[in-house]
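In what follows, a structure is listed as structure tokens, so that the remarks can point back to it.
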Protein chains: 2
Amino acid sequence: MDVRTACLGLLTFGEATGYEIKKAFEDGAFRSFIDASFGSIYPALNKLTEDGHVTCKAMVQDGRPDKKIYSITDAGKSFFKDALQETPQEDKFRSEFLFWMTFSDLMSASRVSGLIDNQIAQYQTKVEELRQLSKTGLQDGEKFVVGFGETIFTATIEYLKTHRHLVEDQFTTEHPLHGGAMAAAE
Amino acid sequence: MDVRTACLGLLTFGEATGYEIKKAFEDGAFRSFIDASFGSIYPALNKLTEDGHVTCKAMVQDGRPDKKIYSITDAGKSFFKDALQETPQEDKFRSEFLFWMTFSDLMSASRVSGLIDNQIAQYQTKVEELRQLSKTGLQDGEKFVVGFGETIFTATIEYLKTHRHLVEDQFTTEHPLHGGAMAAAE
DNA sequence: GCTTCCATGTAATAGGTTACATGATTTG
DNA sequence: CAAATCATGTAACCTATTACATGGAAGC
């Protein structure tokens, strides 16, 4: 899905400015599962206007640039509904961290532990943010998405805590005490 | 992380051709968390050779193009170890499906159910593939990564099964039987 | 006084995907 | 007999990110 379609979708919830759309991507229910920068949102909005999928009314403002409020048109709504009938692109989970973990033997033990600590902290922050969000009045679809995030991020934290030894204990394969096969290593 | 660094990392495991690197990205432990196409791998390998991070020996072959076997150099190894000291880019989970779910009220009930069924099926396939992988002899780092995938994808399936009603029951907000507030809707 | 919020936009750049070209051999 | 596997590579294209430009107001 390109930014253009994502913006169009957001506008089915009501009119908004480019700035507000960006904020919705950052703070909305799908915050963890989508992203777009101004550099892609503003051009997308222009293209949507060209295509007649949205209309734009400029609100003159004091010191700032005119606020441009976009509204979806019937044509836009219809176009978006059609888009919803297409097969969605497969989920993508990209993790440099996990790739790094494959090379834990090339890093110091403290480096590996540090990376995992950071990862856990990051996911804890995400979960807390989602918990806050879920306290606000959400529609069912939003509850579904936020709950999804809470669930899998919590599972992620649990996994990291319970399996970190797999990449942290590489230098002490055998138990340091009473290790039967230690003779060879010494 | 760019494709160049990812290729370099793979080559720390041993020499390989571009073709094999692609396969490793597709079938290896991190299969679900990284991807790269030939169009990016081959140029990356050329650049790495230019930079002295890898060396290349061509194996003449019968009908096919010469097989080019790449090996990492000491300089390359050192470069990669340094790369491992940098802060990894944050995990990214992109899901068009979840974004779509926010608009479940713009879709038919059967469309929503179909999307969820597909999603469950996709994750089940992934989990099965990872289970197969985990039966082969894996290093600790690989076990960690594969286990990660198994765990969170399983959690995903569970969540979808137990919470799908949130987006499937939108047309029957009240319980159809003995719904106290049904009078207004009829 | 510094940072964040508001508000839009453009241009350079980077990075990657897709499709194409080539072609034998093996598997179904 | 068709499809997948092996094997490399290029070029066109697309898309998005980053950094920049502008600048007042409000909060810390």
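Scope of the values below: all heavy atoms of this structure, side chains included, with no hydrogens, waters or symmetry mates. Throughout, a chain's letter reflects where its sequence line sits, starting with A, and its residues are numbered from 1.
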[X] has a side chain; which of [options] sits nearest to it?
| X | options | result |
| --- | --- | --- |
| A:Asp2 | D:dA16, C:dT8, D:dA7 | D:dA16 |
| B:Ser40 | D:dT8, C:dT17, C:dA7 | C:dT17 |
| B:Tyr19 | C:dA7, D:dT17, D:dT8 | D:dT8 |
| A:Asp35 | D:dT10, D:dT17, D:dT8 | D:dT17 |
| B:Phe38 | D:dT8, C:dT18, C:dT10 | D:dT8 |
| A:Pro43 | C:dT10, D:dA7, D:dT10 | C:dT10 |
| B:Lys68 | C:dG9, C:dC6, D:dT8 | D:dT8 |
| A:Ser37 | C:dT8, C:dT18, D:dT18 | D:dT18 |

For atom [atom1] of [X] and atom [atom2] of [N], their distance in whole Å:
| X | N | atom1 | atom2 | answer |
| --- | --- | --- | --- | --- |
| B:Lys22 | D:dG9 | NZ | C1' | 14 Å |
| B:Glu20 | D:dT5 | CD | C1' | 13 Å |
| B:Phe25 | C:dG16 | CZ | P | 10 Å |
| B:Tyr42 | C:dA19 | OH | P | 18 Å |
| B:Ile21 | D:dG9 | CD1 | C1' | 15 Å |
| A:Glu15 | C:dA7 | CD | C1' | 17 Å |
| A:Met1 | D:dT15 | CE | P | 13 Å |
| A:Glu90 | C:dT17 | CD | P | 15 Å |

Using heavy atoms to find the nearest nucleotide of DNA chain D for B:Ile69 and B:Lys92 separately, return the residue whose nucleotide is more 5′. B:Ile69
Take A:Asp91 and B:Gln119 through the side-chain hydrogen bond (donor to acceptor under 3.5 Å, both in side chains) test and state the conclusion after the steps. CA-CA 9 Å; A:Asp91 286 1; B:Gln119 205 72 3; 2.9 Å; yes
With sequence neighbours left out, what residues match A:Lys47 under salt bridge (Lys or Arg N to Asp or Glu O under 4.0 Å)?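 Residues passing salt bridge (Lys or Arg N to Asp or Glu O under 4.0 Å) with A:Lys47: A:Asp51.
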Using the ring of each side chain (for Trp, its six-membered ring), is A:Phe99 parallel, tilted or perpendicular to A:Phe103, with breaks at 30° and 60°?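 Taking A:Phe103 first and then A:Phe99, their aromatic rings stand perpendicular (interplane angle over 60°).
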Would you please classify the geometry between the A:Tyr159 ring and the B:Phe148 ring as parallel, tilted or perpendicular, with 30° and 60° separating the classes? perpendicular
Please classify the nucleic acid contact of B:Gly18 as base, sugar-phosphate, or nothing, using heavy-atom distances under 4.0 Å.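 Touches sugar-phosphate only.
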Under 3.5 Å, is there a donor-acceptor pair between the B:Asp2 and B:Thr5 side chains?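 Looking only at side-chain atoms, B:Thr5 and B:Asp2 do form a donor-acceptor pair, the distance falling under 3.5 Å.
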Under a 4.0 Å threshold between the charged nitrogen and the carboxylate oxygen, would B:Asp35 count as salt-bridged to A:Arg94?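 Yes.
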What I want to find out is whether B:Lys57 reaches B:Glu15 closely enough, with some N-O distance under 4.0 Å, to be called a salt bridge.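 Here B:Lys57 pairs with B:Glu15 in a salt bridge, since their nearest N and O are under 4.0 Å apart.
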Please give the angle, rounded to 10 degrees, between the axes at the start and the end of the helix from C:dG1-D:dC28 to C:dG28-D:dC1, where five pairs define each axis.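 Angle reported: 60°, given to the nearest ten degrees.
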With a 4.0 Å cutoff (strictly under), does any side-chain N or O of A:Thr17 reach OP1 or OP2 of C:dT8?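 So the side chain of A:Thr17 is within the cut-off, an N or O lying under 4.0 Å from OP1 or OP2 of C:dT8.
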For salt bridge (Lys or Arg N to Asp or Glu O under 4.0 Å), just list the numbers for B:Arg164 and B:Asp117, CA-CA rounded to whole Å, side-chain angles, deciding distance to a tenth of an Å, and then say yes or no. CA-CA 10 Å; B:Arg164 55 188 301 166; B:Asp117 288 340; 3.0 Å; yes
